[in-house]
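For reference, the structure discussed in these notes is given below.
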Amino acid sequence: MSAGVGVDLENLWIRFGDFVAVRDANVHIKGGDFFSFLGPSGCGKTTILRAVSGFLDPSEGNVLIGGNNMKGIGPNKRPTALIFQNLALFPLMKVWENITFSMEIKGASAAERRKRADELLDMIALPGQGDKLPSELSGGQRQRVAIARALCAEPHVLLLDEPLSALDLKLRQHMRTELREIQQRVGITFIYITHDQGEALTMSDDIAVMRAGVIDQIGDGKTIYNDPATAFAASFVGENNVFRGKVLEVNGDEALIRTNRSGDLRSRISTANLGKMNVGDDAMMFIRPEALSLAAKGATGDNFVTAQVTHEEFEGNSFNIFMEGDGGKEIKVAIPNHGQSFDDHTGQAMTLEYEVANAVVVPAGELAAE
Amino acid sequence: MPRFLREFFNRNGTMMGSVMLGLVLFWTIGLIILPQLSMLDFSFRPNLPPPEIGGPKDVYTLENYKYLIYGPEGGSQDYNAVDLRVFFRTLVAAVCVTLFNLILCYPIAYYLGQTKGNHIRIFALMLIIPYWINEILRAFALRIIFGESGVLNTMLVGLGIFDTPFDFIRNDIALYAGLGYAYILLMIFPIYNVIESLDHNQIEAARDLGAPWWRIHKRVVIPYAKPGISSGCTMVFMLSAGALAAPQILGGPSSLWFTQLIYQQFNDNSDWPQGAAYAIVLLVTCILLVLAVMRLFKVNMGDIGK
């Protein structure tokens, strides 16, 4: 297998008429990394993938693969292979012909192709299935055939466009592990497009969070989850409670926020915004449901929130309490289930507590749609 | 009652089912099979004046078929060279028209089927609207274009490409153009229908895996479009082999189409049995040819209906 090479996007702009699909993207993807573009549908992530694969010419800027500018090089000449959302297996070709289509183009003999197909079928744990038609396989098997077909072309970069979205939940979770294993085995660069933060967090070395054509943040999963750079990244990746307000004080890497309805609350300033937040700025503070816990009733301080409980639910691994929050949004608290008894608090006022290090404040901005 | 018939009646009700079945049977048996059988019957009988029909001379004979091969009894030649030449020329020309149409229409159908946007509908409309015009008028329009002092010749001579007008009619170019044009829709739409349902990702996947455009067509598009291609080719071949108006109007004076011979037998010679025999020979040969080609390209009869 060929080694993975890096991919760089330099000042990449992609426009469709007046619509800007990608706005000044600058990304460095290291060779051999599993890199994800994460964002809601319509954010431009698939457009970026199409620019890397060569199906679309950037309006401005460059795509570099292994340091080589790809300008004017067609998709059939790039060292990339794309796995389509609907897989796009050739329905009239047998599985082995599908897998070795790239070799057929190069003029390999049928015997060579057969042999290579058998190797790849072993690798994807489908031995002896080469003579079937794609329609005779299950969804997960077709998925693996699509991966084998792409890998057979010996690409330096494998591009995956939400390939798991058509699978059911259990299979999807299984395929995550499998994809990650395959990536580590073949050692080539994977660029993965998804709107599913779970997929991005579990598989990726690095993630780029995208919103409306703009890359909001690039970082590893932990950084994106714990230290979001923007309100969008904080609200799109995982569940989060938002508290809107204005900056009242800044002390080093912490800030005191005058929230609209929960009083003054203290929070850590996200790393990307250190030194950029000033007193009086509109701010949004985020606390994860699992970072909140129940406190003694009526306790006060700049890390306590008191609000009315609207409803509760039992999710199995946690008890979820929903309280009246800011701007029509509810505050969600997740109390881990240790088998303790749990009373219904609906209608009561409850006080919550958090550690300042677990709250993060960013400049006010657009939130992810729910 | 067989199961499919019972299901058919269960689904549609006895009343509605009978009406539908009755109409279909009337159409196939009354309007297609019986008249053809009567033609078949004609073809095996001698051409007799009306009083003798049903008389002792009215016996089954192969003489009408023999005539196509050997010509008139006691004729000067061993074979009916004139008619046979017309027959084979018609078949070869119909094959050529079909291939020419396929080559012309496949790219158009591919473009229509794989391009998104409103202009496609306008494009399709522009293909369809000329067919509102009567076939004869269209043929005469082509005659005007291809005539000795026609639009094309005026242009070619005016541009200095030819010194003297080129006789498109005598060289049968007008005829082939007319036949080709007469049936392009029947070639475009079956292919377009199939290609429209081809997932564009398949084409991109093939391209992404390194395939040049011609191989994408060879391995992905054409195999997928095969039912449409065979359906289009069958119709164009059958119809152009059986065309009458275009050869009549656009054919050169020395080049008869086989259908014109059939027409002459029926109308000018009032020899229905002879005409029927010629028509049957044409029909059977065309069907056999189509079946042979379908077998060669591994197309099933069911695919044609797609």
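With a 4.5 angstrom heavy-atom cutoff, A/L87 does not touch chain B via any of its atoms. For a residue to count as touching a neighbouring chain, one of its non-hydrogen atoms must lie under 4.5 Å from one of that chain's; by this rule A/F55 touches chain B with the side chain only. Of the atoms belonging to A/L82, heavy atoms from both backbone and side chain fall under 4.5 Å from chain B. Heavy atoms of A/A81 lying under 4.5 Å from chain B belong to its backbone as well as its side chain.
For B/F297, the CZ atom sits in a loose shell: 12 or fewer heavy atoms of surrounding residues, nucleotides or ligands are nearer than 6.0 Å.
Relative to the ring axis of B/W213, B/R207 does not place its NZ or CZ within 45° and under 6.0 Å from the centre.
Ring to ring, A/F35 and A/F37 are close: their centroids are under 6.0 angstrom apart. For B/Y111 and B/Y192, the distance between ring centers is not under 6.0 angstrom.
Between B/D208 and A/N76, the side chains place no donor N or O within less than 3.5 Å of an acceptor N or O (distance only, hydrogens not considered).
Residue with the most contacts toward chain B among A/Q85, A/R149, A/K77: A/R149 (heavy-atom pairs, distance under 4.5 Å).
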